[in-house]
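Contents: one structure, followed by commentary.
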Amino acid sequence: MATRKRQTWLFKSEPNVYSYADLERDGRTHWDGIRNYQARNLLRDDVKEGDGVLFYHSNAKPMAVAGVARVVREAYPDASQFDPKSKYHDPKSDPGDPTWLMVDIAPVAACPESLTRDALKDEPALAEMMLLRRGSRLSIQPVSAREWKRIMTMAGIRDA
DNA sequence: GCCAACGTTGGC
DNA sequence: GCCAACGTTGGC
């Protein structure tokens with residue numbers, strides 16, 4: 001059986017909702033609340049334990065890659081879809097065949113504050129990044145090996 | 001606060 | 001199945 005190469009991702013979070021500092025405090029977290037089919041399919045099919053994650057702060061000042069995380073548990077049903085009190089409640093989801101999934105992630109290393117969206121935009125090697133394309137709303141995005149390497153270099157993180 | 005870019009919903 | 005209306009995301 002061939003060894004799967006680790007893949008890398010970018011997860012968006014609004015830091016006033018859940019920040020990288022919150023993840024460091026918690027030690028690990030359920031990445032719940034994904035309610036977009038494209039993102040769900042990535043979680044279901046492609047995001048695997050050990051994969052690298054760029055923890056991106058969206059709708060923030062500054063917008064930035066705040067830290068690096070790692071997938072510590074692969075996709076399983078997102079409990080919040082069955083919780084009527086949750087803002088992520090989905091009454092259409094069948095408990096026998098849950099619509100929405102989540103993964104668990106844990107922190108690896110914080111990034112320097114200089115790793116902002118503007119800094120990424122100024123980097124020619126990252127010109128093709130999905131994050132920087134207009135209208136890119138997907139909350140879970142693939143990051144290429146080259147992009148990942150470049151960003152680790154910018155962050156001064158040796159291996160993550 | 002604005003609004004472009006999408007995704008979803010629902011009438012037909 | 002089409003598509004207009006609506007809601008959300010998220011950068012600016």
Side-chain angles (χ1 to χ4, degrees), chain A residues 7-26 29-47 51-71 74-105 107-144 146-155:
Chain A
Q7 292 183 198
T8 51
W9 310 95
L10 179 143
F11 287 11
K12 288 186 199 169
S13 186
E14 301 192 14
N16 61 331
V17 177
Y18 195 84
S19 69
Y20 188 75
D22 292 329
L23 179 64
E24 287 189 318
R25 180 201 62 211
D26 294 343
T29 197
H30 315 298
W31 203 258
D32 63 358
I34 297 296
R35 295 294 180 272
N36 167 284
Y37 284 102
Q38 217 179 326
R40 190 280 313 267
N41 293 347
L42 287 173
L43 289 181
R44 183 187 60 198
D45 302 330
D46 298 311
V47 178
D51 280 0
V53 173
L54 299 176
F55 194 113
Y56 177 74
H57 283 175
S58 65
N59 263 327
K61 259 187 177 172
M63 292 175 277
V65 175
V68 177
R70 184 178 53 229
V71 177
E74 292 176 17
Y76 62 107
D78 177 343
S80 67
Q81 69 197 301
F82 303 121
D83 176 3
K85 289 195 289 293
S86 170
K87 68 180 246 193
Y88 299 122
H89 181 227
D90 181 359
K92 293 198 297 291
S93 182
D94 172 7
D97 183 20
T99 306
W100 306 113
L101 304 172
M102 62 184 176
V103 298
D104 290 358
I105 64 171
V108 172
C111 290
E113 288 178 18
S114 59
L115 199 57
T116 60
R117 179 185 184 85
D118 285 343
L120 300 182
K121 278 197 292 197
D122 284 342
E123 181 57 51
L126 301 178
E128 302 301 312
M129 251 191 110
M130 186 183 290
L131 178 73
L132 303 179
R133 289 211 285 268
R134 228 155 68 92
S136 170
R137 299 192 310 169
L138 199 57
S139 57
I140 291 183
Q141 307 181 351
V143 173
S144 77
R146 180 173 303 152
E147 290 162 353
W148 178 270
K149 236 179 132 180
R150 187 78 203 107
I151 290 170
M152 288 309 109
T153 302
M154 292 170 76

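Just so we're on the same page: letters track the sequence lines, and every chain starts at 1.
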Q. Between atom CG in A/Leu131 and atom C1' in C/dG11, what is the gap in whole Å?
A. 10 Å

Q. What nucleic acid atoms does A/Lys61 come within less than 4.0 Å of, heavy atoms only: base, sugar-phosphate, or nothing?
A. nothing

Q.
What is the separation between atom CG on A/Asn59 and atom P on B/dC2, rounded to the nearest whole Å?
A. 16 Å

Q. CG of A/Asp118 versus C1' of C/dG11: gap in Å, rounded?
A. 11 Å

Q | Distance, nearest 0.5 Å, that separates CZ of A/Arg35 from NE2 of A/His89 | A | 10.0 Å

Q) Are A/Arg134 and C/dC12 close enough that a side-chain N or O sits under 4.0 Å from OP1 or OP2? A) no

**Q.** A/Tyr56 side chain near C/dG11 phosphate (N/O to OP1/OP2, under 4.0 Å)
**A.** yes

(Q) Donor-acceptor pair, distance only, cut-off 3.5 Å: does the side chain of A/Ser93 make one with the backbone of A/Thr99? (A) yes

Q | side-chain N/O A/Lys92 vs B/dT9 OP1/OP2, d < 4.0 Å | A | yes

Q) Atom NE2 of A/His57 and atom P of C/dG11: how far apart are they, to the nearest Å? A) 12 Å

Q. C/dG10 P sits how many Å from A/Phe11 CZ, rounded?
A. 14 Å

Q) Closer than 4.0 Å, any side-chain N/O of A/Lys12 to the OP1 or OP2 of C/dT9? A) no

Q) Roughly how far, to the nearest 0.5 Å, is the NE2 atom of A/His57 from the OG atom of A/Ser13? A) 6.0 Å

Q | Euclidean distance, atom CG of residue A/Asn36 to atom P of B/dT9 [Å, nearest integer] | A | 12 Å

Q. What is the distance, rounded to the nearest whole Å, between atom OH of A/Tyr88 and atom P of C/dT9?
A. 8 Å

Q) Starting at CD of A/Glu14 and ending at C1' of C/dG11, how long is that distance when rounded to a whole Å? A) 12 Å

Q: With ring pair (Phe, Tyr, Trp, His ring centres under 6.0 Å) as the test, would you mind laying out the steps for A/Trp100 and A/Tyr76 before giving the verdict?
A: CA-CA 8 Å; A/Trp100 306 113; A/Tyr76 62 107; over 10 Å; no

